[in-house]
Amino acid sequence: MTKTVLVTGASSGIGRAQALTFLENGYRVYGVDKDENPGFLNELRFIKLDLTGDLTPLFTSLPEVDILCNTAGILDDYRPLHETSDEDWEQIFAINLTATIKITRFYLQKMLEKKSGIIINMCSIASFLAGGGGAAYTASKHALAGLTKQIALDYADKNIQVFGLAPGAVKTAMTAADFEPGGQADLVTEQTPIKRWLDPQEVADVSLFLASGKAAAMQGEIIKIDGGWSLK
């Protein structure tokens with residue numbers, strides 16, 4: 001039976017790579033994003049939606065999934081706390097944490113009924129370390145790691161697998177400013193042990209493995225894909 005995957009943030013970056021990878025491997029894929037349809041392969045079922053708003057259109061269009069990839073997220077320009085407004089803080093948490101909570105809670109209901117499901121949350125090296133973002137981003141990703149571990153424990157005996165992915169520096173549209181004059185691209189490359197940025201496909205490939213059923217003995221792991229950054 002063809003399994004259904006939902007990828008949030010599917011229009012670009014890691015989400016786009018995940019959606020394309022699942023499509024290429026025979027999954028039925030739904031993508032949701034506030035931006036336009038990424039325009040690859042007609043087989044992608046796309047829902048344009050701001051995840052900080054009313055999620056009813058998503059839940060109506062797609063009442064259940066087998067695999068949920070909570071990938072949508074935003075950065076905070078490395079702002080320290082004293083430069084982070086209430087609005088900035090709320091926006092970061094709305095995308096990076098609250099949307100994931102709401103979407104996961106909805107699809108958990110069906111997963112519990114079926115006693116089957118896989119949830120993959122997009123954590124970050126900022127889920128473990130300071131310096132991977134500013135105050136709001138780091139706090140939101142630490143919180144997401146905690147959520148990932150707790151729901152993994154709560155539903156482990158219900159045959160619902162929960163994982164986190166913790167990428168380091170990935171070259172995407174979201175990090176494009178780092179590659180502009182005066183950006184941090186060269187500095188990050190130098191500080192990353194493998195001496196390069198990651199490609200979104202490298203994160204998508206790990207996502208596919210976790211969703212494949214070949215990781216049946218794993219639960220609650222937050223897998224670092226950071227080129228060795230966290231070894232330091």
Side-chain angles (χ1 to χ4, degrees), residues 2-49 51 58 62 65-75 95-96 99-100 103-104 107 118-127 132-133 137 141 144 148 161-179 185 188-189 192 194 196-215 218 221-230:
T2 302
K3 292 190 174 182
T4 299
V5 182
L6 171 63
V7 179
T8 70
S11 287
S12 63
I14 295 173
R16 185 183 190 279
Q18 286 175 319
L20 182 55
T21 298
F22 280 113
L23 281 171
E24 290 174 340
N25 283 272
Y27 291 80
R28 180 186 300 109
V29 183
Y30 286 77
V32 60
D33 202 300
K34 67 180 178 59
D35 293 324
E36 295 297 329
N37 188 320
F40 60 83
L41 298 183
N42 293 330
E43 290 85 354
L44 177 69
R45 297 155 171 86
F46 185 77
I47 303 165
K48 185 176 180 180
L49 186 67
L51 296 181
L58 170 61
L62 183 60
V65 299
D66 299 299
I67 299 150
L68 171 60
C69 293
N70 288 307
T71 305
I74 55 174
L75 297 171
I95 293 291
N96 292 357
T100 291
I103 293 168
T104 300
Y107 289 113
I118 296 174
I119 299 166
I120 303 172
N121 291 331
M122 193 55 60
C123 296
S124 167
I125 56 167
S127 296
Y137 182 81
K141 291 298 184 177
L144 181 58
T148 299
Q161 288 185 277
V162 184
F163 303 105
L165 297 177
V170 183
K171 190 173 183 179
T172 67
M174 194 166 66
T175 58
D178 288 318
F179 292 86
V188 171
T189 298
T192 300
I194 64 171
R196 65 175 178 84
W197 285 61
L198 303 178
D199 187 273
Q201 186 61 49
E202 295 175 290
V203 183
D205 289 341
V206 179
S207 307
L208 180 65
F209 169 72
L210 294 176
S212 69
K214 296 178 181 179
M218 295 172 61
E221 292 296 325
I222 300 176
I223 301 169
K224 296 171 185 173
I225 314 169
D226 65 358
W229 182 279
S230 57

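If you're wondering where the values come from, they're calculated on a predicted model, not measured in any experiment.
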Discussion item. Using the ring-ring contact (aromatic ring centres under 6.0 Å, His included) criterion, which residues pair with Tyr30? Sequence neighbours excluded.
Written reply: none
Worksheet item: Between the side chain of Thr192 and the main-chain N/O of Ile194, is any donor-acceptor distance below 3.5 Å?
Response: no
Worksheet item: Atom NZ in Lys171, atom CG in Leu198: separation rounded to 0.5 Å?
Response: 12.0 Å
Worksheet item: Quick one: side-chain contact (heavy atoms from CB on, under 4.5 Å) partners of Ala169, sequence neighbours excluded?
Response: Val188, Trp197
Worksheet item: Side chain of Asp33, backbone of Ala10: donor and acceptor closer than 3.5 Å?
Response: yes
Item to complete: Can you see which heavy atom on Ser212 is nearest to which on Tyr27, and at what distance?
Response: CA-OH, 3.9 Å
Discussion item. What I'd like to find out is whether the side chain of Leu6 reaches to under 4.5 Å of the side chain of Val29, using heavy atoms alone.
Written reply: no
Worksheet entry | Ser230: side-chain contact (heavy atoms from CB on, under 4.5 Å) partners, not counting sequence neighbours | Leu129, Lys224, Asp226
Worksheet item: Between Thr2 and Arg28, do the side chains contain an N or O donor and an N or O acceptor separated by less than 3.5 Å?
Response: no
Worksheet item: If we only count heavy atoms from C-beta on, is the Pro167 to Ile125 side-chain gap below 4.5 Å?
Response: no
Item to complete: Mind checking the CG-CD1 spacing from Asp66 to Ile118? Nearest 0.5 Å is all I need.
Response: 8.5 Å
Worksheet entry | Separation between CE of Met122 and CD1 of Ile222, rounded to the nearest 0.5 Å | 12.0 Å
Discussion item. Can you list everything that forms a ring-ring contact (aromatic ring centres under 6.0 Å, His included) with Phe163? Sequence neighbours excluded, please.
Written reply: none
Discussion item. Measuring from atom CD1 of Ile119 to atom CG of Leu210, what distance do you get when rounded to the nearest 0.5 angstrom?
Written reply: 12.5 Å
Practice prompt. Examine distances only and state if a side-chain atom of Thr8 and a backbone atom of Ala72 form a donor-acceptor pair shorter than 3.5 Å.
Written response: yes
Discussion item. Quick check: do Ile103 and Asn70 have side-chain heavy atoms less than 4.5 Å from each other?
Written reply: yes
Worksheet item: Between Leu165 and Ile225, is any pair of side-chain heavy atoms under 4.5 Å apart?
Response: yes
Worksheet entry | Backbone of Met218 reached by a side-chain donor or acceptor of Gln161 within 3.5 Å | yes
Worksheet item: Do the non-hydrogen side-chain atoms of Ile67 and Thr4 ever get within less than 4.5 Å of each other?
Response: no
Worksheet item: How many angstroms lie between CG in Leu44 and CG in Leu20, if you round to the nearest 0.5 Å?
Response: 9.0 Å
Worksheet item: Do Ile14 and Val170 touch side chain to side chain, with heavy atoms closer than 4.5 Å?
Response: yes
Practice prompt. Check whether any side-chain heavy atom of Ile120 sits under 4.5 Å from a side-chain heavy atom of Leu68, and report yes or no.
Written response: no
Item to complete: Classify the side-chain pair Asn121/Thr148 by whether it contains a donor and acceptor separated by less than 3.5 Å.
Response: yes
Discussion item. I'd like to check the side-chain contact (heavy atoms from CB on, under 4.5 Å) partners of Ala204; sequence neighbours left out, ordered by chain and number.
Written reply: Ala17, Gln18, Thr21, Gln201
Practice prompt. Could you tell me which residues satisfy side-chain contact (heavy atoms from CB on, under 4.5 Å) with Asn96, sequence neighbours excluded, listed by chain and number?
Written response: Ile74, Ile92, Tyr137, Ser140, Lys141
Worksheet item: Between atom CD of Glu202 and atom OG of Ser207, what is the distance when rounded to the nearest 0.5 Å?
Response: 12.0 Å
